[in-house]
Amino acid sequence: ASLVIKDQGIGMKSSEVDRVFEKGFTGENGRIEKRSSGLGLYLCRKIAGLLSISLSVESHVGEGSCFSLDLTGKLKDQ
């Protein structure tokens with residue numbers, strides 16, 4: 001079982017995708033808009049980990065981003 005959240009936004013550079021869950025990381029788009037704290041996705045990954053849920057992202061510039069929550073780990077624990 002999984003939950004997938006996909007958008008058709010501006011996407012992220014491949015060099016940023018690898019770092020998006022790091023505490024305090026703000027990608028180029030966040031720095032331009034000055035609306036990013038670099039904590040949101042970090043906290044999402046931490047909470048998902050505590051719940052035994054895998055959180056991943058795929059993104060391509062100009063195509064958007066796709067976040068996936070793999071709930072199978074959590075379901076096995078119940």
Side-chain angles (χ1 to χ4, degrees):
S2 63
L3 171 66
V4 177
I5 302 167
K6 187 174 184 178
D7 68 36
Q8 296 175 340
I10 56 178
M12 295 178 269
K13 294 177 181 179
S14 59
S15 60
E16 294 178 343
V17 171
D18 294 336
R19 299 189 60 209
V20 74
F21 296 111
E22 291 179 12
K23 184 177 182 179
F25 177 75
T26 303
E28 183 177 329
N29 296 328
R31 290 189 301 272
I32 291 171
E33 296 289 327
K34 297 183 181 178
R35 296 174 56 190
S36 178
S37 66
L39 294 177
L41 291 173
Y42 164 77
L43 291 173
C44 288
R45 169 74 59 86
K46 283 290 195 186
I47 292 167
L50 292 172
L51 296 171
S52 300
I53 297 171
S54 171
L55 173 59
S56 61
V57 62
E58 291 182 26
S59 187
H60 303 281
V61 175
E63 296 179 23
S65 301
C66 181
F67 291 85
S68 300
L69 293 155
D70 180 358
L71 306 173
T72 56
K74 184 63 177 171
L75 295 175
K76 290 177 187 174
D77 292 341
Q78 294 182 357

What pair of heavy atoms forms the shortest contact from [X] to [Y], and how long is it?
X: L41; Y: F21; value: O-CD2, 3.4 Å
X: C66; Y: V4; value: SG-CG1, 3.3 Å
X: D70; Y: A1; value: OD1-O, 3.6 Å
X: T26; Y: S37; value: OG1-C, 4.1 Å

According to a 4.5 Å side-chain heavy-atom criterion applied to Ile, Leu, Val, Met, Phe, Trp and Tyr, with indirect links allowed, do [X] and [Y] form part of one hydrophobic cluster?
X: L51; Y: L3; result: yes
X: L69; Y: F67; result: yes
X: I47; Y: L39; result: no

_R19/E22 under salt bridge (Lys or Arg N to Asp or Glu O under 4.0 Å): CA gap, chis, key distance, verdict_ = CA-CA 5 Å; R19 299 189 60 209; E22 291 179 12; 3.1 Å; yes
*asked:* So, using salt bridge (charged side-chain N to carboxylate O under 4.0 Å, His left out) as the criterion, who are the partners of K6 when residues are at least two apart?
replied: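 With sequence neighbours excluded, K6 shows a salt bridge (charged side-chain N to carboxylate O under 4.0 Å, His left out) to no residue whatsoever.
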Please tabulate, for the side chains in residues 57-65, all donor-acceptor contacts under 3.5 angstrom to protein atoms that are two or more places apart in sequence or on a different chain.
from : atom 1 : to  : atom 2 : distance (Å)
S59  : OG     : M12 : N      : 2.8
S59  : OG     : G64 : O      : 3.1
S59  : OG     : S65 : OG     : 2.8

